[in-house]
Amino acid sequence: MGHPADVTKIGGRILEKRLQKPLDDDLALLVTQVRRLPEDATATWELAADPASSQGYAVKSPTG
C-alpha cells in the first residue's frame, strides 16, 4: 500500500496539468487511498426511492 504522501504527489501532478491554462469552470479534485474493510465492519441501508414514502430505514449487517 502506498504512503499518504504518494497520494498528495499524484494530486499535485494532476492539478499542475489541469491548471496550465485558464479554466472555464471551477475545478475540484479528490484523490484518496482506499483499503478493504472486513465484512463485519460494514453495514448497508436500504432507503426508499421517495423519502416521503418511508417512515424509516432498514439496516442490513453481516451479522443479521
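Note that the CZ atom of R36 and the OG1 atom of T42 stand 10.0 Å from one another [nearest 0.5 Å]. Of the inter-residue distances, the one linking R13 atom CZ with T8 atom OG1 reads 11.0 Å to the nearest 0.5 angstrom.
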Exercise for the section: Could you go through the side chain to side chain contact (heavy atoms under 4.5 Å, CB included) check for L37 and R35 one step at a time? Expected result: CA-CA 6 Å; L37 291 174; R35 62 184 171 88; 3.7 Å; yes
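Under the side chain to side chain contact (heavy atoms under 4.5 Å, CB included) criterion, P22 pairs with no residue at all, not counting sequence neighbours.
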